[in-house]
Amino acid sequence: MRITLKYFGQIAEVTEKQEEQIDIEAQVIAELLELLYSKYEGLKSKDFQVAQNQELVINTAEITGAEIALLPPFSGG
Amino acid sequence: MRITLKYFGQIAEVTEKQEEQIDIEAQVIAELLELLYSKYEGLKSKDFQVAQNQELVINTAEITGAEIALLPPFSGG
Amino acid sequence: MQNKKPKNVFQQGAISSEFIGNSIYKHQTKTSIGAHNIFLGQVRADEIDGKTVAAIEYTAYEAMANQKFHEIRESAFEKFDLTCMHIYHSLGAVNVGEICLFVFVSSPRRNVVFEALEFIVEAIKADVPVFGKEIFEDESHQWKVNS
Amino acid sequence: MQNKKPKNVFQQGAISSEFIGNSIYKHQTKTSIGAHNIFLGQVRADEIDGKTVAAIEYTAYEAMANQKFHEIRESAFEKFDLTCMHIYHSLGAVNVGEICLFVFVSSPRRNVVFEALEFIVEAIKADVPVFGKEIFEDESHQWKVNS
């Protein structure tokens with residue numbers, strides 16, 4: 001399955017990109033994160049939430065969405 | 001004792017003046033009000049507080065001030 | 001910004017949006033501020049017994065009112081960690097849609113500004129001798145009562 | 001004023017005091033309004049480890065953020081008797097002393113505006129994916145954390 005990953009704030013500093021498309025076999029978010037931790041070592045020490053199609057999801061959520069975003073702590077306003 | 005009376009809002013509509021000076025023998029506010037009720041019949045039906053030298057006082061307060069104001073309900077803002 | 005002497009809070013007529021915008025602008029040099037909270041009272045075209053309010057004409061026991069505004073200001077500075085506080089109230093006629101009360105508080109952090117602003121506005125409504133005469137379109141009037 | 005479709009809340013750069021004044025001005029035709037409450041977030045010159053913040057550079061997950069702003073707006077209209085609600089947030093660099101967040105609520109009566117405004121501001125801070133990078137005067141940076 002092809003998904004678009006989006007990175008923001010200090011997460012994008014680690015990945016050194018804001019967006020990428022990857023093909024995955026992962027079924028749940030946790031599996032995807034394992035993949036990303038091996039690709040981007042620095043992510044392990046970062047605090048972030050995951051949004052799937054613009055809704056926050058937990059690690060055990062099934063991957064259904066075409067767009068998955070890694071969101072560091074919100075600091076608007 | 002000579003005092004200055006100040007009237008505001010709907011109280012001034014009854015007295016038909018905003019200010020007057022009178023000589024009184026009244027010792028407490030209640031006595032002064034009796035005098036004013038006889039002078040201005042319409043005051044009896046009005047809701048107001050009394051301020052002496054810019055501080056609200058109760059009817060049993062002694063008259064010490066040079067300026068006494070009859071204040072209808074506040075409606076600022 | 002804390003001022004120990006009563007200032008004159010009153011302005012003749014409505015408080016303009018330019019005045020408010022300019023007041024906000026002036027605070028941009030105060031770089032310890034992180035949050036502003038502004039309350040504006042606007043004259044409502046209330047309909048009462050088939051007649052519509054066209055304006056409110058404000059009078060005040062000015063000396064006592066300025067003293068009360070001063071006490072409210074002092075007590076708000078004591079209760080809350082505020083950097084700045086400004087209060088302006090209209091005197092004379094203010095038409096419907098125009099602004100008659102402008103309260104402006106600023107603080108390093110947002111947590112206090114909400115509580116401070118509400119405290120100040122409620123104190124103004126309760127404690128300050130200002131009197132609003134609601135003028136209807138047919139030029140009759142009634143005396144406003146705060147609710 | 002209630003709008004069922006997500007609008008774009010973001011503005012490039014700081015929100016000017018003229019924009020805010022003009023927004024207030026536009027509400028003077030709405031004569032059912034009796035009370036406005038405005039929150040402004042201003043960039044603070046915080047000192048951290050001897051370095052002073054010069055600006056915050058905002059980025060956002062824009063589509064999700066606008067959706068969240070929309071949900072906050074809908075839920076505030078449901079909870080509170082509001083006539084109008086407007087939210088603007090900066091993207092890109094906002095210098096210290098400049099305004100990065102402008103939330104504006106209006107209601108016939110004052111009792112609801114305080115509660116509504118605080119609800120909206122807290123929801124924005126908690127739920128909207130906006131990210132502030134604090135840029136120091138020496139051009140180093142750190143990521144802002146809301147408290």
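In what follows, chains carry the letters A, B, and so on, assigned in the order in which the sequence lines appear, proteins first and then strands, with residues in each chain numbered from 1.
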query = What part of C:E71 lies closer than 4.5 angstrom to a heavy atom of chain B: side chain, backbone, both or neither?
reply = side chain
ask   = What's the spacing between C:W143 CH2 and B:D47 CG if we round to 0.5 Å?
value = 14.0 Å
ask   = Does OH in C:Y25 sit with more than 12 non-hydrogen atoms of other residues, nucleotides or ligands closer than 6.0 Å?
value = no
inquiry  = At a 4.5 Å cut-off on heavy atoms, which part of B:E13 comes close to chain C: side chain, backbone, both, or neither?
reply    = side chain
Neighbour count >12 (heavy atoms, 6.0 Å) for atom CD, B:Q27 = no
key: Approximate separation, where rounding is to 0.5 Å, of C:N146 CG and B:F74 CZ   = 10.5 Å
message = Using heavy-atom distances under 4.5 Å, tell me whether B:P72 contacts chain C through its side chain, its backbone, both, or neither.
response = both
Gap between atom CD of C:Q67 and atom CG of B:N53 - 0.5 Å precision = 12.0 Å
inquiry  = Just checking B:E62: does its CD atom have more than 12 heavy atoms from other residues, nucleotides or ligands closer to it than 6.0 angstrom?
reply    = no
message = Is it the case that atom CD in B:Q21 sees more than 12 heavy atoms from other parts of the structure closer than 6.0 Å?
response = yes
message = Is it the case that atom NZ in B:K17 sees more than 12 heavy atoms from other parts of the structure closer than 6.0 Å?
response = yes
Least distance between heavy atoms, C:K125 atom then B:G77 atom = NZ-C, 3.4 Å
request  = Identify the two heavy atoms, one from B:S75 and one from C:G132, that lie closest to each other, and give their separation to 0.1 Å.
outcome  = OG-N, 2.9 Å
task = Quick one: pull up NZ in C:K133 and CD in B:Q10 and give me the separation to the nearest 0.5 Å.
result = 11.0 Å
request  = Check whether any side-chain heavy atom of B:E67 lies under 4.5 Å from a side-chain heavy atom of C:Y61, and answer yes or no.
outcome  = yes
inquiry  = Less than 4.5 Å to any heavy atom of chain B: does that hold for the side chain of C:A65, its backbone, both, or neither?
reply    = neither
